[in-house]
Amino acid sequence: MQTVKMVITGPYSSGKTEFIRSISEIDVVSTEREVTTEAERREKGATTVAMDFGRITVDDDLVLYLFGTPGQRRFDFMWEILAEGMLGFIVMVDSSKPETFREAKSILETFRAYAPTPYVVAANKQDHPEAWSPDDLRIALRIDPEVKLLPCVARDRSSVRDVLLELLYAILEEMEE
Amino acid sequence: MPIQGNLRDFSTTQLLNLINLSGRTGVLRIFEGVPTGDKDANGNEKIQPGKERAQVLFRAGKLVYASSAGQLNDLIAVLNKGGKLSEAQAKVLRERAKGTGDKALAMRLIGANYVNRNDIVACVQQYVLEIVYSVMGWNREPFRFEENVNIDAADRILVPIDLQNVIIEGARRLEKLEEISKHIDNLDLCLRFPENPKEKYAGVHLSVEEWRVVQFVNPKNTIRQIAKANNMTENDIRRIVYGLEQAGLVEIVRPTTTKPPVAASSKRAQPQVVQRQVVNRLIDKLKSLS
């Protein structure tokens, strides 16, 4: 049986776990633990310390695994391990929290350096009243025009599916090149 | 959709660049920062908007007006500050012209040969720019940019100013070299021109020093090499490159001759080799999910 792997990364509390939970056919194997700092505790009660793990079975011969990276920077030693052999990656950005944009850009650059695989950027929480639009995010994060930056609501399964599809299309396009 | 945040996370320079690139029309309001006592996701003090400190208006990506709270922003104050009206003249005019809008007052002053049209445009421009340069030095205030606002509603004299030049001049004045050093922390990166450089450089006024840097822009020349060739200090080159980059006139890139260090050293993170057919099967599966 062949397995392929995609990595979902992004800053703390950007919606990575929710994203995988929305589309995975199994309960997400989450390694969330209580957060340790007061600031993070206010944002979110628990955070992913190793990885989230979701699965989509295509058929008897093919399975897609989704790995979510830990959001807190002190677990970034896990990133390169998770990036190993990935087909592509998705950078989640909380569109309503501009204070996390710089961190998102830094994570994006780090993953690009790990492996030259295709990637897309998901502008998450687009249903939030204070969310920045994808066009504004593109400028704020200085994302090249050829990179797909997609609106996303991680708790909406169809929105998550669309983001994954766009990443797969990007992978196909790169194969054609 | 309004754009809001904090200048600590997204600086005025970045905001001006965003408004310039996206050709927005609207009003940018900057507020006093009132600490809430909470911490944000980065562990920084959370700040909520207090009283309005400044207002900056834009039309189609150009700066057209700015006002600052706590000071007079009418035409009389503008001309007084620009040296076209004395204190005494300003005092008399303010009493006589009570209730008169800026545009009507401008017509009266031109008719009475106090000033000419060019004086008014120059003074308004200078006044607006001084406020914006001052705002560019703020670094913790909450902001909110709103579109769908009728910027012509108030009786203000709007003078369009190219934001690229404002960004460059603002960067020239920016004294916070620490922040610039943080932004350009690696002088072994290179510079390249953005797409459509001709279009971007049209109408831009560069200083001699900036031109000296621009002539070396090439993905093969590191920033350090450019500084050496021009006999510039690290701080000088950082300041110049920062201004050019924020104005969208150059982009910072890795040198074309060397690979990114992490990718070069990492043998583990090789991309997975899959066939097109596998990707198509994944696409079909995802499409079938409701």
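Order of the sequence lines fixes the chain letters, A, B, ..., with proteins taken first and strands second; residue numbering starts at 1 for each chain.
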Worksheet item: For B:R24, is it the side chain, the backbone, both or neither that has a heavy atom under 4.5 Å from a heavy atom of chain A?
Response: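 Only the side chain of B:R24 comes within 4.5 Å of chain A.
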Taking C-beta and beyond as the side chain, do [X] and [Y] meet within less than 4.5 Å on heavy atoms?
| X | Y | value |
| --- | --- | --- |
| B:N280 | A:L172 | yes |
| A:M175 | B:Q275 | no |
| B:N17 | A:R142 | yes |
| B:V278 | A:L87 | no |

Worksheet entry | Set of salt bridge (Lys or Arg N to Asp or Glu O under 4.0 Å) partners for A:E174, sequence neighbours left out | none
Worksheet item: In chain order, what residues pass the salt bridge (Lys or Arg N to Asp or Glu O under 4.0 Å) check against A:D135, with sequence neighbours excluded?
Response: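 A:D135 satisfies salt bridge (Lys or Arg N to Asp or Glu O under 4.0 Å) with no other residue.
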Worksheet entry | Step-by-step side-chain contact (heavy atoms from CB on, under 4.5 Å) determination, B:L289 to A:R157 | CA-CA 9 Å; B:L289 298 176; A:R157 185 178 165 89; 3.5 Å; yes
Discussion item. With a strict 4.5 Å heavy-atom criterion, list every residue of residues 243-251 of chain B that contacts chain A, or say none.
Written reply: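 Against chain A, the residues of residues 243-251 of chain B that fall inside the cut-off (heavy atoms, under 4.5 Å) are B:E245, B:Q246.
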Discussion item. Using the ring-ring contact (aromatic ring centres under 6.0 Å, His included) criterion, which residues pair with B:Y65? Sequence neighbours excluded.
Written reply: none
Region of [X] that comes under 4.5 Å of a non-hydrogen atom in chain B:
| X | answer |
| --- | --- |
| A:T57 | backbone |
| A:I56 | side chain |
| A:S133 | both |

Exercise: identify the closest heavy-atom pair between [X] and [Y]:
| X | Y | result |
| --- | --- | --- |
| B:G5 | A:P98 | CA-CG, 3.7 Å |
| A:R102 | B:Q14 | NH2-OE1, 4.5 Å |
| A:E130 | B:Q4 | CG-NE2, 2.6 Å |
| A:L168 | B:L286 | CD1-CD1, 3.3 Å |
| B:R281 | A:D61 | NH2-CB, 3.7 Å |

Worksheet item: Donor-acceptor pair, A:W132 side chain versus B:P2 backbone, under 3.5 Å?
Response: no
Worksheet item: Take atom CG in A:D144; do more than 12 heavy atoms of anything else shown fall under 6.0 Å from it?
Response: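 Buried by this count: over 12 neighbours within 6.0 Å.
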Item to complete: For a side chain to side chain contact (heavy atoms under 4.5 Å, CB included) with A:I139, tell me which candidate from B:I19, B:L21, B:L15, B:N20 qualifies.
Response: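 Running side chain to side chain contact (heavy atoms under 4.5 Å, CB included) over B:I19, B:L21, B:L15, B:N20 with A:I139 returns exactly one hit, B:L21.
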Worksheet item: Between A:D59, A:I171, A:L64, which residue shows the highest count of heavy-atom pairs closer than 4.5 Å to chain B?
Response: A:D59
